[in-house]
Peer 1: 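Got a structure for you, written out below as structure tokens; questions coming shortly.
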Number of protein chains: 4
Amino acid sequence: MEKRILRAAVQVFARKSYHGSSIAEIAEEAGLATGTIYLYFRRKEDLLLSLFENTLRPYLHHCEPLIQALPPGLPQLRKLVELQFQFFEQDRAQARVFQIHAREVNPTLKPSISRTLAHYHQIIDRVVEAGVSSGKFSPHIDQFLARQLVFSGLDSLVTHWVLADRPYPLSRHLEPWCAMLARALGAESAFAETSPSQEQDHVG
Amino acid sequence: MEKRILRAAVQVFARKSYHGSSIAEIAEEAGLATGTIYLYFRRKEDLLLSLFENTLRPYLHHCEPLIQALPPGLPQLRKLVELQFQFFEQDRAQARVFQIHAREVNPTLKPSISRTLAHYHQIIDRVVEAGVSSGKFSPHIDQFLARQLVFSGLDSLVTHWVLADRPYPLSRHLEPWCAMLARALGAESAFAETSPSQEQDHVG
Amino acid sequence: MEKRILRAAVQVFARKSYHGSSIAEIAEEAGLATGTIYLYFRRKEDLLLSLFENTLRPYLHHCEPLIQALPPGLPQLRKLVELQFQFFEQDRAQARVFQIHAREVNPTLKPSISRTLAHYHQIIDRVVEAGVSSGKFSPHIDQFLARQLVFSGLDSLVTHWVLADRPYPLSRHLEPWCAMLARALGAESAFAETSPSQEQDHVG
Amino acid sequence: MEKRILRAAVQVFARKSYHGSSIAEIAEEAGLATGTIYLYFRRKEDLLLSLFENTLRPYLHHCEPLIQALPPGLPQLRKLVELQFQFFEQDRAQARVFQIHAREVNPTLKPSISRTLAHYHQIIDRVVEAGVSSGKFSPHIDQFLARQLVFSGLDSLVTHWVLADRPYPLSRHLEPWCAMLARALGAESAFAETSPSQEQDHVG
DNA sequence: CATGAATGAGAGTTCATTCAT
DNA sequence: GATGAATGAACTCTCATTCAT
């Protein structure tokens with residue numbers, strides 16, 4: 001039931017934004033009565049919060065081992081990007097909510113969201129650390145800056161895709177984007193490593 | 001008078017978010033009566049729009065020549081980052097509004113905001129293009145991806161700073177961040193070029 | 001519930017005029033919360049419109065056959081006047097609203113009111129036409145002028161009664177008024193029919 | 001100056017109704033500042049009141065002798081109607097205000113309007129009385145009803161004309177309307193007296 | 001469990017009116 | 001006299017939330 005309500009909420013938020021949506025609309029979308037929403041969620045804000053708890057958090061738990069299973073460096077990085085692209089691509093409405101409308105929310109509930117975010121940061125951090133320890137990435141890179149770069153870059157690509165008039169395959173960006181990130185992180189011969197078909201080695 | 005109202009709006013928006021603020025609060029912050037706000041701004045939304053028009057746009061016009069005046073490649077890139085850091089650092093409340101609360105806004109007024117954003121994108125594009133033409137950046141980089149990387153990275157650094165409990169000097173990140181960007185863009189010996197004081201050359 | 005709200009609206013409009021009344025007052029008169037009004041009426045204007053739709057229109061439908069059932073000429077005319085007197089006399093507050101305050105209303109909703117009015121005009125027209133066809137009224141009278149005379153005369157009598165400090169029986173005017181109208185319409189021997197004493201035997 | 005303001009008020013009220021107009025609009029129409037209106041009129045309502053005092057009252061004083069100068073009965077009645085048609089026809093915007101928008105006004109200021117109205121009623125009464133005394137009208141007619149008939153009929157004709165999409169000459173109605181009124185008032189051979197071209201005698 | 005009518009606080013906005021210039 | 005910026009009360013309307021059924 002919670003799932004059903006959250007699915008409805010995602011649809012409505014995606015269409016009309018968080019502040020532009022009313023509980024009544026979400027109830028209607030879910031085929032329920034207004035009051036029923038309140039049997040499962042104490043406040044409107046909780047709908048957003050639960051999206052993070054119920055959707056993003058499981059996704060992150062699902063990601064972690066898949067990434068760790070690969071060799072450090074570019075392979076892990078590529079998996080990270082690939083998984084995120086897949087996750088958002090599978091539900092554009094949900095992606096809209098995460099990328100756009102979850103940000104409308106009162107700062108008071110940011111902490112709850114932050115917890116999930118922190119987990120994501122952790123995953124990125126591990127990829128970076130593993131890359132550095134294994135000598136694949138430069139030892140001089142700043143942990144914090146690397147994380148911001150990886151996270152915000154992905155974030156902005158997804159946001160761009162979500163706002164595009166006509167959806168396009170996010171995966172189109174996978175290889176060149178990973179190559180750029182890898183170079184930023186000081187991966188040796190990042191150009192060589194990536195897509196031979198598209199990019200020639202030219203670094204030297 | 002408009003300035004006075006906008007300054008008040010920035011303070012209130014920064015504290016309580018756009019949707020969490022009322023015109024009455026903004027008026028009080030400005031030391032005016034509620035109705036007075038409406039002598040200068042037709043709707044609440046116009047307050048946000050005007051921030052973009054009156055603050056961000058002039059800033060962009062101010063930036064452009066300063067950047068263009070420098071040699072292409074890292075110098076231009078560094079100036080771009082430096083100016084943005086300075087711009088936001090000078091008014092943290094305003095930065096909060098731009099980075100957090102301006103995103104709460106009704107999609108109907110996105111177009112107006114987009115225009116300003118497009119200008120910013122253009123500035124980044126020119127820096128990248130000039131770097132590529134002059135051989136400082138790799139000719140294989142994707143224009144669009146490069147722009148997203150530069151833009152979103154800056155964006156996220158500023159957002160992080162804005163949300164930090166205790167402000168810290170953004171400029172602390174200037175050199176290492178530019179180095180990372182430069183490498184991502186395929187700058188030759190990016191490590192060498194950058195800050196000998198902070199980073200040693202080690203790429204090879 | 002709608003009835004309850006409309007009854008309250010009539011009372012308040014009658015006391016303080018349409019523009020002088022607030023939704024809050026109407027809600028209080030109805031013993032409801034402000035917001036409840038909006039569950040049944042989308043806008044304040046709709047209260048007035050509904051009065052026409054729900055009160056005047058049914059009344060007209062009720063009138064029509066009663067009038068048509070009588071012989072043409074004075075009997076039909078008298079019935080028309082009598083019914084209208086009765087209709088308004090039964091609720092003076094409602095009469096006030098129809099006669100005085102419904103006219104305060106935004107021209108944009110005039111069309112809706114006009115429809116009801118047009119129906120009333122039609123009823124009058126039929127009485128006049130029937131009177132003419134049957135030879136009871138003069139064939140030379142102008143259809144439009146006759147209608148205006150009948151309608152506006154009734155209207156003004158009701159308005160006068162509604163504004164009077166102390167209500168008096170409208171029916172007092174029934175016979176002499178009908179006699180005047182009949183003469184205006186060229187009814188033969190209208191004088192003979194009416195009031196030497198006040199109302200005596202009258203042809204047949 | 002008062003005239004100038006009142007002229008502007010008439011234009012604006014006619015366009016947007018009393019409650020739909022703001023003092024600022026009237027000031028703009030008059031080419032004055034908002035505050036200036038208040039040098040000449042204490043409250044918005046006074047604009048409407050003054051229209052009655054400054055326009056309708058002088059008109060009535062002007063009418064009275066012109067009517068009295070004629071022989072009693074139909075000639076006076078015809079003059080009364082003719083003058084009213086002329087008065088309204090000369091300024092349709094003003095007519096709109098008198099016929100439509102002056103009625104939007106708070107009942108509290110009705111008394112002031114009533115005084116002017118009472119004068120008008122008096123003029124009608126004298127025409128009727130003179131007609132009766134001189135034997136032109138029936139001695140059985142009710143003074144009050146006769147006044148209502150004459151007044152409301154004129155009122156409705158003017159209102160109809162004022163609301164018409166395309167103005168037409170009100171004078172078109174002069175003769176047939178007077179004939180109808182005369183018959184209503186019991187004028188002998190009212191049909192014969194009136195417009196031979198349009199109406200034949202047939203009453204007997 | 002589910003409903004949905006009812007609530008009522010609170011928002012944005014308008015505008016008659018004032019008054020320092 | 002004339003101005004028009006400033007005021008602030010008052011209004012309509014929305015909607016998260018409750019609770020009797």
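Here is how names work: the chains are called A, B, and so on, in the same order as the sequence lines, proteins then strands, and each is numbered from 1. These numbers come from a predicted model, not from an experiment.
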Peer 1: Considering Watson-Crick and G-U wobble pairs with both distances under 3.5 Å, what does dT21(F) pair with?
Peer 2: dA2(E)
Peer 1: Is a donor from one side chain sitting under 3.5 angstrom from an acceptor on the other, for N54(A) and E2(A)?
Peer 2: no
Peer 1: Choosing from dC15(F), dA2(F), dT3(E), which nucleotide comes nearest the side chain of M1(D)?
Peer 2: dA2(F)
Peer 1: Check every atom of dA6(F), dT17(F), dT3(E) against the side chain of A33(A) and return the nucleotide holding the closest atom.
Peer 2: dT3(E)
Peer 1: Between dT17(E), dA5(E), dT3(F), which nucleotide gets closest to the side-chain atoms of L32(D)?
Peer 2: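 That would be dT3(F).
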Peer 1: I23(D) has a side chain; which of dA16(F), dG1(F), dT17(E) sits nearest to it?
Peer 2: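 The closest nucleotide is dT17(E).
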Peer 1: Take the protein atom CD1 of I5(B) and the nucleotide atom C1' of dA5(F), then report the distance between them rounded to whole Å.
Peer 2: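 These atoms are roughly 11 Å apart.
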Peer 1: Which nucleotide sits closest to the side chain of T34(A): dG12(E), dA2(E), dG4(E)?
Peer 2: dG4(E)
Peer 1: Closer to the 5' end of DNA chain F via nearest nucleotide, is it G31(B) or Y38(C)?
Peer 2: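 By nearest-heavy-atom nucleotide position, the 5'-most residue is G31(B).
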Peer 1: For the side chain of R43(C), counting heavy atoms from C-beta on, which of dA16(E), dC13(F), dT3(E) is nearest?
Peer 2: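 The listed nucleotide nearest to R43(C)'s side chain is dC13(F).
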Peer 1: Is K44(D) close enough and on-axis enough to Y18(D), meaning under 6.0 Å and within 45°, for cation-pi?
Peer 2: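 Geometry flag: set, cation within 6.0 Å and 45°.
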Peer 1: Which residues satisfy the side-chain hydrogen bond (donor to acceptor under 3.5 Å, both in side chains) test with Q94(A), sequence neighbours excluded?
Peer 2: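 Expected list: none.
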Peer 1: For the side chain of L39(B), counting heavy atoms from C-beta on, which of dT17(E), dA6(F), dT14(E) is nearest?
Peer 2: dA6(F)
Peer 1: If you count every heavy atom of other residues, nucleotides or ligands that lies below 6.0 Å from R4(A) atom CZ, does the total exceed 12?
Peer 2: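 Atom CZ in R4(A) is crowded, with more than 12 foreign heavy atoms closer than 6.0 Å.
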Peer 1: Which nucleotide wins on minimum distance to the side chain of T36(D), given the candidates dC13(F), dA2(F), dA16(F)?
Peer 2: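 Closest of the options to the side chain of T36(D): dA2(F).
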Peer 1: Which of these nucleotides, dT12(F), dA2(F), dT13(E), is closest to any side-chain atom of Y40(D)?
Peer 2: dA2(F)
